[in-house]
Amino acid sequence: MTIFEKSKAGRIAYRLPENDIPTRELDLPTHLVRKLPPELPELYEVDVVRHYTWLARRNYAVDVGIYPLGSCTMKYNPKVNEKVARLPGFTMVHPYQPEETLRGAFEVMYELKKLLCEITGMDDMTLQPAAGAHGELTGMLIVRAYFEDVGDTRRKVVIVPDSAHGTNPASAAMVGFDVIELKSKEGLVDVEELKKHLNEEVAAVMLTNPNTLGLFEKDILEIERITHECGALLYYDGANLNAILGRVRPGDMGFDVVHLNLHKTFSTPHGMGGPGSGPVGVKAHLAKYLPYPVIERQGEDFVLKRPEKSVGRVRSFFGNFPVLVKAYAYILTMGKDGLKSVGDMAVLNANYLKKKISKFLPVPYDGFCMHEFVASAEKVYKETGVKAFDLAKRLLDYGVHPPTMYFPLIVSEALMIEPTETESKETLDRYAEILETVVREAYENPELVKKAPHTTPVRRVDDVTASKKPVFRWRRGT
Ligand SMILES: *Cc1c(COP(=O)(O)O)cnc(C)c1O
């Protein structure tokens with residue numbers, strides 16, 4: 001039931017003191033004046049509290065349990081960083097304040113940029129983009145600006161491996177590049193295949209390393225050498241930096257442009273569309289194309305600059321500032337050793353869980369994985385008719401969140417699992433146990449699994465209609 005349906009005319013939750021400020025009629029144009037009062041719900045305070053508490057309890061969240069959604073890094077975010085971002089000094093600043101009164105905010109952004117440059121091995125960075133895909137778009141604009149600037153107008157192609165996140169080819173195409181999909185070999189970039197495609201028309205190779213199968217591109221230095229030899233740039237999708245944090249840096253692997261997802265790796269919870277932050281780092285030779293404004297230190301002060309050949313503004317003001325504050329607080333509280341242990345534990349947890357799960361769900365690209373791995377329910381499907389989708393739905397009945405399904409596309413009946421570093425061994429054991437139970441049920445009682453979930457507030461949703469004809473508004477009488 002919506003809060004509107006619970007409304008009863010005349011009920012109030014609190015009383016305001018009598019208004020002792022003189023009011024006057026405003027002379028507004030009549031077509032702007034509403035004819036009816038707004039239909040706001042009328043409830044007692046206790047009913048408002050119960051309504052929202054009831055909704056929150058129907059929800060699943062990282063703060064409720066494990067959320068091993070591969071490629072999404074749904075990890076626990078320390079509450080102290082939320083606290084820091086809520087300090088009035090951060091929440092009460094306004095982007096239209098005079099610049100000289102924004103020094104503290106500028107300092108946080110400048111210091112964060114410096115730290116992220118150090119973490120990624122890049123020379124400069126913009127904090128503006130509001131999401132990972134937005135960072136990719138910005139990065140691709142920088143790639144295009146670079147080749148236009150050096151007068152190399154033949155370079156119209158971006159090469160993307162078939163294991164890439166779907167946003168990669170989409171971002172390259174949005175900037176006007178032709179996308180070539182690179183077939184992978186044993187889950188990795190096939191260097192011989194890449195060589196065939198590298199020529200004077202290639203602007204960039206876009207890679208995720210580790211890739212979406214959770215595998216580290218072992219030939220990365222060779223890939224770097226041949227890409228640069230052909231005159232193209234190397235783009236790094238760093239959305240899932242968890243895997244290598246404190247161990248390897250994209251800059252040292254030879255990448256020219258990198259985007260990060262602060263809302264995956266750096267302590268902002270995400271999902272449902274934001275707020276996010278996708279900073280883009282570049283090597284020195286690309287710094288002059290960064291979006292403006294960039295924040296520079298000038299003696300004791302901080303100034304906003306427009307890089308010489310900037311691609312322009314990609315977002316209003318300075319990006320999602322509270323997300324930046326959380327990332328800054330996270331990096332400072334973790335410290336160098338702490339960040340290193342994030343990478344170590346993310347990889348250890350993934351390998352531990354992979355070992356357990358591969359006993360009953362094969363992992364096609366097996367071997368040492370990084371922060372995630374992809375299991376396949378193909379065998380279960382062939383033998384029982386139960387799909388990866390059904391297994392995922394059945395997990396809901398056991399009160400845990402399913403893995404990512406049907407991605408990457410190169411694994412059939414894919415279940416992509418990313419436990420993250422913040423889960424304990426007991427939680428991982430329990431997850432493996434539940435998944436094993438569900439697979440056993442597929443053999444013993446396939447109908448039970450195919451009709452799952454049985455215990456959730458909503459059973460199987462029509463996700464196609466939900467995405468094609470979304471209903472975001474409740475209207476009286478519907
Ligand atoms: C999440 C993700 C993205 C996109 O990030 P958004 O913030 O959702 O736009 C891009 N690449 C990879 C590998 C990702 O995991």
Side-chain angles (χ1 to χ4, degrees), residues 73-85 87 90 104-127 132 135 208-210 214 216 220-221 236-255 257-270 277-284 287 295-297 302 319 321-352 368-372 418-424:
T73 315
M74 300 295 283
K75 63 180 183 180
Y76 175 75
N77 300 293
K79 298 295 172 245
V80 65
N81 304 320
E82 294 289 339
K83 240 187 155 135
V84 172
L87 290 174
F90 292 129
F106 288 170
E107 183 165 357
V108 166
M109 288 187 276
Y110 178 81
E111 291 299 332
L112 174 64
K113 170 174 105 164
K114 284 281 164 214
L115 288 168
L116 291 175
C117 280
E118 189 182 336
I119 287 168
T120 53
M122 306 309 278
D123 297 315
D124 207 348
M125 192 169 281
T126 173
L127 302 174
T208 310
N209 191 20
F216 192 84
I220 187 60
L221 295 179
Y236 186 89
D237 177 341
N240 307 130
L241 205 71
N242 248 33
I244 59 165
L245 212 54
R247 285 282 168 194
V248 192
R249 307 192 306 168
D252 299 336
M253 292 184 230
F255 285 90
V257 190
V258 45
H259 88 261
L260 303 174
N261 277 32
L262 298 188
H263 50 294
K264 285 180 183 167
T265 316
F266 293 95
S267 203
T268 283
H270 70 109
S277 178
V280 174
V282 292
K283 288 280 173 65
I295 295 169
E296 294 298 341
R297 184 189 269 281
F302 299 91
F321 183 63
V323 180
L324 305 179
V325 177
K326 278 185 259 184
Y328 186 53
Y330 178 68
I331 295 170
L332 292 185
T333 50
M334 294 298 282
K336 255 192 185 136
D337 292 340
L339 289 180
K340 196 175 261 179
S341 73
V342 167
D344 293 354
M345 289 308 295
V347 172
L348 180 62
N349 273 0
N351 278 283
Y352 178 75
F368 187 79
C369 70
M370 297 298 287
H371 62 305
E372 65 192 4
E418 179 183 3
T420 82
E421 75 280 6
T422 58
E423 299 303 333
S424 68

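For this chain, numbers begin at 1 and follow the sequence in order.
- In this structure, His263 contributes its side chain and Ser277 its backbone to a donor-acceptor pair below 3.5 Å.
- At distances below 3.5 Å, not a single donor-acceptor pair connects side-chain atoms of Lys113 with backbone N or O atoms of Asp124.
- Across all their heavy atoms, Met370 and Pro210 have their closest contact at CG-CB, 3.5 Å.
- Contact between Ala85 and Pro322 at its shortest, heavy atoms only, is CB-O, 3.9 Å.
- For the pair Thr420 and Tyr76, the minimum side-chain heavy-atom distance is 4.5 Å or more.
- With rounding to the nearest 0.5 Å, the separation of CG in Leu116 from CD1 in Ile331 is 4.5 Å.
- Going from atom CG of Asn240 over to atom CG of Asn261 covers 7.5 Å, rounded to the nearest 0.5 Å.
- Atoms NE2 and CG, from His371 and Leu245 in turn, are 11.5 Å apart once rounded to the nearest 0.5 Å.
- Interatomic distance, Asp344 CG to Arg247 CZ, rounded to the nearest 0.5 Å: 4.0 Å.
- For the atom pair NZ (Lys336) and OG (Ser341), the distance works out to 14.5 Å, reported to the nearest 0.5 Å.
- Looking only at side-chain heavy atoms (C-beta outward), Asn209 and Ile244 stay at 4.5 Å or farther from each other.
- Relative orientation of the Phe302 and Tyr110 rings is tilted, given thresholds of 30° and 60° on the angle between their planes.
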(request) Begin from the C-alpha positions of Leu127 and Phe321 and carry the test side chain to side chain contact (heavy atoms under 4.5 Å, CB included) through to its verdict. (result) CA-CA 9 Å; Leu127 302 174; Phe321 183 63; over 6 Å; no
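- Scanning all heavy atoms of the two residues, the minimum distance from Thr265 to Ala239 falls at OG1-O, 3.5 Å.
- Checked by atom type and distance alone, the side chain of Glu418 never pairs as donor or acceptor with a backbone atom of Glu372 at under 3.5 Å.
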(message) Between Leu262 and Tyr330, does the side chain to side chain contact (heavy atoms under 4.5 Å, CB included) criterion hold? Intermediate values first, please.
(response) CA-CA 10 Å; Leu262 298 188; Tyr330 178 68; over 6 Å; no
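- Of all non-hydrogen atoms in Cys117 and Met125, the two that sit nearest each other are SG-CB, 3.9 Å.
- When all heavy atoms are compared, the tightest approach of Ala284 to Asp123 is N-OD2, 2.7 Å.
- One distance of note links CG of Leu324 with CZ of Phe266; it measures 12.0 Å at 0.5 Å rounding.
- Judged by distance alone, with hydrogens and angles left aside, the side-chain atoms of Arg249 form a donor-acceptor pair with the main-chain N or O of Glu118 at under 3.5 Å.
- Inspection of the Asn242 and Glu421 side chains reveals an N or O donor paired with an N or O acceptor under 3.5 Å.
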(request) Please test Asn81 against Thr333 for side chain to side chain contact (heavy atoms under 4.5 Å, CB included), starting from the C-alpha separation and ending with a verdict. (result) CA-CA 9 Å; Asn81 304 320; Thr333 50; 3.9 Å; yes
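- The nearest pair of heavy atoms linking Glu82 to Pro269 is OE2-CD, 3.6 Å.
- In this structure, the side chain of Asn351 does not engage the main chain of Asn349 through any donor-acceptor pair within 3.5 Å.
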(request) Walk me through it: do Arg297 and Glu111 pass the test side chain to side chain contact (heavy atoms under 4.5 Å, CB included)? (result) CA-CA 10 Å; Arg297 184 189 269 281; Glu111 291 299 332; 3.3 Å; yes
